[in-house]
Amino acid sequence: MALRVYNTLSGKKEEFQPLVPGKVGMYVCGVTVYDYCHIGHARANIVFDIVYRYLQYSNYDVTYVRNYTDVDDKIIARANERGISSQELSEEFIRAFDEDMAALGLRKPTHEPKATAHIAQIIALVEQLIHKGMAYEAAGDVYYSVDKFPSYLKLSKRNMEEMQAGARIASGELKRNPMDFALWKTAKPDEPSWESPWGAGRPGWHIECSAMSSSLLGSTFDIHGGGRDLIFPHHENEIAQSEGASGKPFVKYWLHNGFVNINQEKMSKSLGNFFTIRDILKSYDPEVVRFFNLTAHYRSPIDFSDQNLEESRLGLTRFYEALAQLEIALSRSDADAEQGSVPESLAEPVERLAQLEERFRTAMDDDFNTAQAIGHMFDAVRAINRILAEESNLHGQLQGILGKGRDDLLRLGEVLGLFGSDPAAWLTRSAHEGLADAGLREAEIAALIAERRDARANRDFARSDQIRDDLAAKGIQLLDSAEGTTWKMK
RNA sequence: GGCUCCGUCGCCAAGUGGUAAGGCAGAGGUCUGCAAAAUCUCCAUCCCCGGUUCGAAUCCGGGCGGAGCCUCCA
């Protein structure tokens with residue numbers, strides 16, 4: 001089955017056919033670097049990280065471009081507040097962005113261009129638009145003339161008359177049409193600026209993406225992504241600029257991810273429910289954050305709440321516990337054990353395990369349906385646990401089946417950026433999180449476990465159970481097994 | 001007002017014409033000294049009302065409820 005993607009431009013799912021067979025050019029709008037990234041940025045970047053990974057998994061040669069917009073009104077304003085240069089500010093937050101994305105386990109794009117490193121291309125593009133009559137200069141500013149681009153608003157499917165009714169021209173702007181937008185802004189005092197045919201100035205928002213994408217991917221490429229909120233005006237304007245200049249279709253498939261809500265409310269600074277990635281990673285494992293993002297479809301809104309994150313933590317724990325048990329069973333099993341056939345009772349889980357990859361692909365081929373893909377992976381976990389529950393001593397054939405199951409799970413998990421940690425280590429780390437809140441130290445727990453072990457050996461179950469209940473009251477769950485007793489936070 | 005979109009089990013969430021994935025929570029069984037984990041079994045007819053169809057959660061119309069965009073925004 002072939003990959004199908006939902007294209008915002010057509011409003012429906014389409015079969016994905018790259019311009020050049022086997023190769024994909026993909027551009028995703030990065031961030032304007034003037035502050036720390038919030039969890040909405042995390043979602044967008046995780047979503048397109050998955051797109052990138054899945055295309056690579058599907059054997060495409062992908063060129064992934066994600067830009068930094070490092071010249072902008074907000075950067076200038078923030079830099080002035082702090083009394084530093086725009087460049088210092090943007091460099092600081094580019095570093096922060098890189099750290100955040102690395103923490104979230106994102107694969108590095110092929111190219112991460114900066115707007116300020118493409119001023120020459122931007123100026124050339126603006127000149128071209130003026131030359132073609134699509135743009136005009138006015139007092140050092142250059143504006144795009146939306147009236148010259150008949151298919152303007154084709155992406156956002158809005159109505160020009162009504163948009164115009166609501167639009168206003170800010171004082172000092174010399175627009176012919178209120179919907180016209182700036183390609184180049186004349187420099188005000190104390191602003192970063194570059195020399196141009198229209199005097200010193202700087203690029204407007206939107207033009208940098210047109211310039212960088214065409215520089216790195218050509219005038220037509222396959223996928224352009226970003227958050228829904230970028231559809232208008234940002235992406236609409238990119239289309240107008242790029243197609244206006246080249247006369248060729250800009251992008252074949254437009255992909256947009258849904259929003260992040262906080263406790264069912266829109267995330268916004270005014271509501272005070274704004275979380276940076278750094279804030280969240282203080283409380284939650286990055287892999288939990290990623291897992292949470294992938295349990296819903298990328299186009300749907302997701303609700304960021306403690307309860308939902310907690311559920312994701314439990315879900316991810318289920319995977320790691322199964323993987324940890326699998327490691328133990330596989331290491332313990334005897335390679336020389338006599339070959340045995342798979343018992344009839346395990347035919348179904350064995351079959352389910354065998355189908356994992358095919359099901360995963362079918363789900364992901366359907367517009368990157370990670371929620372369904374994870375559902376299939378949970379099925380595989382149950383199949384693994386079932387086999388382990390029934391056959392603690394793996395014979396040759398089952399060993400091979402489970403070994404392949406483990407490999408499949410890890411390989412497909414990697415396509416989603418999951419299960420990359422050593423299972424035992426992840427579980428230990430997870431167990432220790434929150435330990436301080438419980439007011440306990442590991443050594444104390446270990447001592448109590450030892451005391452309980454002795455009590456149990458003496459069949460003093462009253463004492464044994466008391467220890468367990470006391471710890472349970474503090475949120476510590478003891479887990480007895482043949483290998484001894486471990487613990488975790490409930 | 002215009003344009004998008006959503007309303008599926010207690011909660012989260014897939015499914016968009018062929019008879020409701022999965023996770024969490026819950027009930028019961030197995031395992032266990034007892035538990036936990038694991039496993040097995042059970043647990044929804046899809047906001048409401050019409051219509052199209054052999055057949056609809058899925059399509060159409062009308063309600064009701066919710067969200068987003070239209071200004072910077074992932």
Side-chain angles (χ1 to χ4, degrees), chain A residues 8 11-13 28-32 34-35 37-48 72-74 77 153 156-159 161-163 165-168 170 205 225-234 256-261 264-269 291-292 294-297 299-303 305 307-319 321-322 324-325 345 349 359 363 366 369-390 456 459-462 464-465 468-469 472 476-481 485-488 490:
Chain A
T8 305
K12 48 189 141 180
K13 286 182 195 168
V28 172
C29 288
V31 287
T32 299
Y34 71 102
D35 204 345
C37 286
H38 54 64
I39 54 181
H41 295 111
R43 182 178 196 197
N45 282 286
I46 288 170
V47 162
F48 290 103
D72 169 85
D73 291 347
K74 289 190 292 290
L153 304 181
S156 55
K157 299 167 179 64
R158 292 166 200 274
N159 177 294
E161 284 70 38
E162 285 167 4
M163 296 288 292
R168 289 219 305 247
W205 184 40
R228 294 186 70 91
D229 50 344
L230 294 181
I231 295 172
F232 184 88
H234 186 56
H256 292 98
N257 65 276
F259 284 109
V260 175
N261 295 326
Q264 323 225 23
E265 283 184 308
K266 181 187 169 168
M267 181 174 70
S268 79
K269 284 178 176 167
F291 187 88
F292 167 66
L294 302 181
T295 53
H297 188 91
R299 283 188 281 119
S300 305
I302 53 170
D303 190 38
S305 67
Q307 186 188 331
N308 290 344
L309 268 289
E310 183 56 24
E311 277 191 13
S312 288
R313 192 181 67 77
L314 289 172
L316 188 58
T317 301
R318 182 167 161 81
F319 279 102
E321 285 186 340
Q325 289 306 115
S345 59
R359 288 182 170 166
D366 183 13
N369 194 333
T370 53
Q372 186 155 68
I374 286 176
H376 294 321
M377 292 173 124
F378 271 117
D379 275 341
V381 164
R382 186 162 1 102
I384 288 167
N385 286 334
R386 167 109 179 259
I387 294 167
L388 290 177
E390 200 157 318
R456 291 179 75 203
R459 304 193 67 78
D460 179 3
F461 295 122
S464 161
D465 290 350
R468 188 179 62 206
D469 294 345
I476 308 288
Q477 180 71 58
L478 295 185
L479 310 163
D480 293 336
S481 77
T485 299
T486 56
W487 58 273
K488 67 175 182 180
K490 276 204 271 199

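Only this structure's heavy atoms are used, side chains among them; waters, hydrogens and symmetry mates stay out. Note that the structure is a prediction, hence the values are computed from the model and not measured. Sequence lines set the chain letters: A, B, ... in the order given, protein chains first and strands last, and positions in each chain run from 1.
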For B:A44, which nucleotide is its Watson-Crick or G-U wobble mate, given both distances must be under 3.5 Å?
-> none
Starting at CG of A:L479 and ending at C1' of B:A38, how long is that distance when rounded to a whole Å?
-> 11 Å
Sequence-aligned protein contact record of nucleotides 6-16 of chain B, with B where the base is within under 4.0 Å of a protein heavy atom and S where only the sugar-phosphate is | -----BSSSS-
Please answer whether the main-chain N or O of A:A373 pairs with a side-chain N or O of A:H376 as donor and acceptor at a distance below 3.5 Å.
-> no
Value in whole Å for how far the P atom of B:U39 lies from CG of A:N385 | 4 Å
Spacing of the P atoms in B:U8 and B:A67 (rounded, Å) = 15 Å
When you measure from the side chain of A:S464, which nucleotide among B:A74, B:A37, B:G33 comes out closest?
-> B:G33
Nucleotide by nucleotide, 5' to 3', does protein get under 4.0 Å of the base (B), only the sugar-phosphate (S), or neither (-) in nucleotides 25-30 of chain B, counting heavy atoms?
-> ------
Taking B:U39, B:C70, B:A74 as options, the one with an atom nearest any side-chain atom of A:F232 is B:C70
Protein-nucleotide distance (A:D465, atom CG; B:U32, atom C1'), rounded to Å = 12 Å
Taking the C1' atom of each, how far is B:A44 from B:U52, in whole Å?
-> 26 Å
B:G68 base / A:D229 side chain donor-acceptor hit below 3.5 Å = no
Distance test, side-chain N/O of A:K157 to OP1/OP2 of B:C70, below 4.0 Å = no
Is A:V260 touching bases, backbone alone, or none of the nucleic acid, heavy atoms closer than 4.0 Å?
-> base
Side-chain donor or acceptor of A:R456 under 3.5 Å from a matching atom on the base of B:G33?
-> yes
State whether A:R318 places a side-chain N or O below 4.0 Å from either non-bridging phosphate oxygen (OP1 or OP2) of B:A38.
-> yes
Between the side-chain atoms of A:R468 and the base atoms of B:C34, is any donor-acceptor pair under 3.5 Å?
-> yes
Using atom types as modelled and distance alone, determine if a side-chain donor or acceptor of A:T317 lies under 3.5 Å from a backbone N or O of A:R313.
-> yes
Aro-ring/base stack A:F461-B:G33, d under 5.5 Å, angle under 30° = yes
Expressed in whole Å, how much space separates the P atoms belonging to B:C12 and B:G28?
-> 25 Å
NA contact type, A:G258, heavy-atom cut-off 4.0 Å: base, sugar-phosphate, or nothing?
-> base
Out of B:C40, B:G68, B:A74, minimum distance to the side chain of A:N257 belongs to B:A74
Would a distance-only check, ignoring hydrogens and angles, find a side-chain to backbone donor-acceptor pair under 3.5 Å from A:N308 to A:F292?
-> no
For the side chain of A:D480, starting at C-beta, report the closest nucleotide among B:C70, B:U39, B:A35.
-> B:A35
Between B:A74, B:A35, B:G33, spot the one nearest the side chain of A:M267, thanks.
-> B:A74
Counting heavy atoms from C-beta on, name the nucleotide in B:C34, B:G23, B:A74 closest to the side chain of A:F378.
-> B:G23
Nearest-Å distance once atom C1' is located in both B:G68 and B:G29 | 48 Å
With both distances kept under 3.5 Å, what pairs with B:C5, Watson-Crick or G-U wobble?
-> B:G66
When the ring planes of A:F291 and A:F378 are compared, do they come out parallel, tilted or perpendicular, using 30° and 60° as the limits?
-> perpendicular
Would you kindly give the NZ-to-P distance between A:K488 and B:A35, to the nearest whole Å?
-> 17 Å
B:C5 C1' sits how many Å from A:I231 CD1, rounded?
-> 11 Å
Watson-Crick or G-U wobble partner for B:U39, using a 3.5 Å limit on both distances?
-> B:G29
Given the options A:H256, A:K157, A:R228, A:T8 meets side chain to side chain donor-acceptor pair (under 3.5 Å) only with A:H256
Integer-rounded Å distance: B:C3 C1' and A:L153 CG = 11 Å
Separation of atom NZ in A:K12 from atom C1' in B:C5, rounded to whole Å | 17 Å
Heavy atoms under 4.0 Å, any strand shown: does A:L478 hit a base, just sugar-phosphate, or nothing?
-> base
Assign each of A:D72 and A:E321 to its nearest nucleotide of RNA chain B by heavy atoms, then name whichever residue's nucleotide is nearer the 5' end.
-> A:E321
Touch class at under 4.0 angstrom, heavy-atom based, for A:G40 against every strand present | base
